[in-house]
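In what follows, residues are counted from 1 in the order of the sequence shown.
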Amino acid sequence: MGRGAVRLWRLRCSIPGHEMDVRGVTAALVPAGAFVSVSRDRTGRVWTPNASPDKGFTEMHCMTGHTNFVSCVCIIAPSETYPRGLIATGGNDNNICVFSLDQPQPLFMLQGHKNTVCTLSSGKFGTLLSGSWDTTAKVWLNEKCMMTLQGHTAAVWAVAILPEQGLMLSGSADKSIKLWKAGRCEKTYTGHEDCVRGLAVLSDTEFFSCSNDTSVRRWMVAGECVQVYLGHTNYIYSIAIFPNSHDFISTGEDRTVRIWRKGECHQTIRLPAQSVWSCCILPNNDIAVGASDGLIRVFTEAEDRVASPQELLAFEDELSKTTIDPKTGDLGDIKIDDLPGREHLDEPGNRDGQTRLIKEADKVEAYQWSVSESRWMKIGDVVGGSSQHTTKKVTYEGKEYDFVFTIDVNEGGPSMKLPYNMSEDPWLTAHNFLQKNDLSSAFLDQVANFIIENSKGHVVGPATPSAVDPFTGEPRCVPHDGSAVGFIGSGRYVPGAADGRTGFGADPFTGGGAYSSAAFRQTATNIYFPKTDGVTFDQANATQIMGKKLKELNGTASPEHKLSEEFVESLKRMLDSVVGGANNSTPPPSLQQINLLWKASHWPEDIVFPVLDILRLAVRHPQVNESLCGEAEGVQLCNHLLGLMAPQGRPANQMLALRTLCNCFGGPQGRALLLAQREAVLARAAELAVGGSKNTQVALATLLLNYAGCLHGRPDLEAKAQCLSVASSALESVQDKEAVFRLLVALGTTLASDQSARELARSLGVTSQIAKYSSVADPAKVGECCQLVLNELQ
């Protein structure tokens, strides 16, 4: 195609209005050119194009009614009763609200889902299809649920109604897509390697899907996947199709909107926001997208609707100031010394969206080629990578900090200083800052996320472990040396601790009856929760892991999987450095050893478990935690562990993957990673809630407990709802008393000081579910903790 024929989209306008992430956008039928957006700020808004020179949109209508985040939106076609159509929204309050265009409160609500409603689609005759984290899809008509579609084993993230009457599609975190007819599953489509996040109907015979596996797929309804589109470098959240075309757009976690023409990525538009949650195509082919910075942006290919030069420059300037962590995108591993200088930008790019890195003094800058303007546009400063720099300390009020941020809360008012060390919890720092300055707790999310975002990619030296582990009484990254660990009977190796417990001393989590609640009743009424420090699986026997199993399995491995003696010795040295005891003189793990461990963790699933045991122990070490749980590496680690946790996987691998995730909470990078990947991690954990060995049950309960501890004190009901949902599912089948106890502590920690969480738990029927444990006397901690949770629910 000649350059003159290339059509590219450019910014039309940026639309402020929402106060939090914009999770859904959809084109409206009326007024002409309008669209609807929904947000985590609990509102939906209708935007109409205005005639002013700025080519922008005006808020015509604001809809309220949800008591929690609004996750999705769709338009219900006009009918005799509602000639202008209706707007349906789904939320984290488990409800669907249906609005008209002329009043802010819903006309009616549809109730029946047991968890977040995260996707909606409308069809003929006013039919509405919804999907939910409760693993079901529901069909609604005339304000009633006509049928429930059951068959997925994880959250239903995407639904669509096909043109042929009665045919419906659902996509799920179980990686599958299902075709339904009259309430029955007619076909299951497999091929995606991760959660299916979006569906878009192309015709009565074809549809598209997008996934966390970074791919878009085109399917024949008959069953065949006819094309796979690759280009995104992180999760893909939404997809929309141009009218009367096979061309489409997609958005995702890699900060991009991608426009696909004739099967190829035609244009990549980067945004100054990490998560581009949603997209839609307006009748004039303009593109509207919603993102994590709370803004809606509209892009156009029509010259007469392009933003003014000043607005384009402001958008480009905002993009250029973005801090990019190479681990989150497609920039790869960066070695500053090997990068070219600014002269590299004298050469034109060969495709729109091409990325080029240059070295400018001691910084790395990222540029993207713009075909329409025939120049390189700066898209941000790169931090992190192989050549991370050490942040110098800043002195504030007589103390040294890694950062001292300037916070402007009120426009025109005085700015405030926020000191922060990388070893601190950003949420606790934000909480203390708000209290000190007498500011509303409503700012907690914004301030904490500001800290996290603006400290990404910086290394401040090895993370300092807390002096004493609250469970073991020893340094956090130094495990017990219990000789009985890892055995059943006469030396048979079992990965991890023999009984799935950790040695917690005089603590309610200890095994073997060491804990006596009577000794504590005099000083505390509730010693169980909230529990905010992480619980880890520390015990190991290095000799047995290396000698009895790893070397033995390596000796019988096929030639292509056999590890060299040098490789095995490197793993041994790493294991010694992370389990050597308080007086360990072994050097800390090297980057090479960490890389070898990561490589070895991809051994065949039938022999990998001793390597996973080393990984479980290693991730508690600050340097390993920082290296493996960083942004890009962390996503890879999570995906690898979630793959090992697949329901059809090997039980030993499932258990060790769960324990490794638990131990990741031992470091700040691990906590940040697991909070960012919470939805995927807990969705997979939920699949293991039914059945499983005692050790697996305890590990699953511990994972939920660690999540509950991290979320305590945060106003994130969406996350707490998922924790409650998975804990509730686990309590249905878990038999082991230690696992039950940890689930109860997780529930108590989630409910403590959070009225909304308590109301949600009551609506989930948690009270009746756990009441049976209130009379458990052996161990006493189960009954006592249960009674305290019941007190919270009253």
Side-chain angles (χ1 to χ4, degrees), residues 6-15 21-22 25 27 35 37 55-57 198 200 210 214 216 229-242 245 247-262 264-282 284-303 305-309 311-324 328-331 349-356 366-380:
V6 173
R7 294 185 304 156
L8 295 172
W9 275 255
R10 292 190 288 166
L11 182 72
R12 172 178 173 179
C13 61
S14 297
I15 307 173
D21 302 44
V22 179
V25 290
F35 66 91
S37 61
K55 310 172 185 68
F57 287 76
C210 65
T214 75
V216 173
Y229 306 81
L230 300 174
H232 280 280
T233 58
N234 211 322
Y235 298 163
I236 306 176
Y237 293 134
S238 68
I239 183 170
I241 303 173
F242 286 102
S245 170
D247 298 336
F248 62 93
I249 60 175
S250 56
T251 68
E253 186 67 14
D254 57 5
R255 306 193 307 138
T256 69
V257 185
R258 295 181 191 251
I259 300 161
W260 303 79
R261 286 197 177 280
K262 298 181 179 180
E264 300 291 336
C265 184
H266 168 73
Q267 184 181 0
T268 299
I269 303 172
R270 295 184 188 272
L271 299 187
Q274 183 62 56
S275 305
V276 190
W277 292 117
S278 52
C279 63
C280 70
I281 297 170
L282 304 181
N284 59 5
N285 271 9
D286 283 3
I287 296 167
V289 297
S292 55
D293 59 0
L295 291 180
I296 303 160
R297 294 178 177 87
V298 181
F299 297 89
T300 185
E301 60 176 347
E303 286 294 330
R305 291 195 297 273
V306 173
S308 68
E311 290 173 299
L312 291 175
L313 189 62
F315 175 69
E316 185 178 338
D317 184 57
E318 184 182 10
L319 192 60
S320 73
K321 293 176 181 176
T322 304
T323 300
I324 303 172
T328 66
D330 53 357
L331 304 181
N350 51 35
R351 59 180 172 81
D352 192 74
Q354 179 184 354
T355 302
R356 186 164 284 180
Y367 286 80
Q368 176 178 289
W369 179 251
S370 169
V371 168
S372 61
E373 300 186 32
S374 297
R375 67 185 179 94
W376 291 99
M377 297 172 57
K378 185 179 177 184
I379 59 172

Measure the [atom1]-[atom2] distance between [X] and [Y] for me, rounded to the nearest 0.5 Å.
X: Arg305; Y: Arg12; atom1: CZ; atom2: CZ; answer: 5.5 Å
X: Ile287; Y: Ile249; atom1: CD1; atom2: CD1; answer: 4.5 Å
X: Leu8; Y: Ile269; atom1: CG; atom2: CD1; answer: 8.5 Å
X: Leu313; Y: Leu11; atom1: CG; atom2: CG; answer: 12.0 Å
X: Lys378; Y: Leu319; atom1: NZ; atom2: CG; answer: 10.0 Å
X: Phe315; Y: Ser14; atom1: CZ; atom2: OG; answer: 6.5 Å

With a 4.5 Å limit on heavy-atom distance, are the side chains of [X] and [Y] in contact?
X: Pro272; Y: Arg297; answer: yes
X: Cys13; Y: Phe57; answer: yes
X: Val22; Y: Leu295; answer: no
X: Phe299; Y: Val289; answer: yes
X: Trp277; Y: Val25; answer: no
X: Gln368; Y: Trp376; answer: no
X: Thr214; Y: Tyr235; answer: no
X: Val216; Y: Ile239; answer: yes

| request: Would you sort out whether Val298 and Ile15 count as a side chain to side chain contact (heavy atoms under 4.5 Å, CB included), showing the intermediate values? | output: CA-CA 8 Å; Val298 181; Ile15 307 173; 4.0 Å; yes

Side-chain donor-acceptor pair present, [X], [Y], cut-off under 3.5 Å:
X: Glu253; Y: Ser275; result: yes
X: Ser250; Y: Trp260; result: yes
X: Thr300; Y: Asp286; result: yes
X: Thr256; Y: Thr268; result: no

Flag, side chain of [X] to backbone of [Y], donor-acceptor distance under 3.5 Å:
X: Asp254; Y: Thr233; result: yes
X: Arg258; Y: Cys265; result: no
X: Glu264; Y: Arg261; result: no

| task | Please step through salt bridge (Lys or Arg N to Asp or Glu O under 4.0 Å) for the pair Glu316 and Arg270, ending with a clear verdict. | result | CA-CA 10 Å; Glu316 185 178 338; Arg270 295 184 188 272; over 6 Å; no

| task | Please report the closest heavy-atom contact between Ala27 and Cys280, naming both atoms and the distance. | result | N-SG, 3.7 Å

| message | Between Arg10 and Glu301, is the salt bridge (Lys or Arg N to Asp or Glu O under 4.0 Å) condition met? List the steps. | response | CA-CA 6 Å; Arg10 292 190 288 166; Glu301 60 176 347; over 6 Å; no

| From CA spacing to verdict: side chain to side chain contact (heavy atoms under 4.5 Å, CB included), Phe248, Ile259 | CA-CA 6 Å; Phe248 62 93; Ile259 300 161; over 6 Å; no

| request: May I ask you to decide if the ring planes of Trp9 and Phe242 are parallel, tilted or perpendicular, using 30° and 60° as cut-offs? | output: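 Trp9 and Phe242: tilted rings.
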
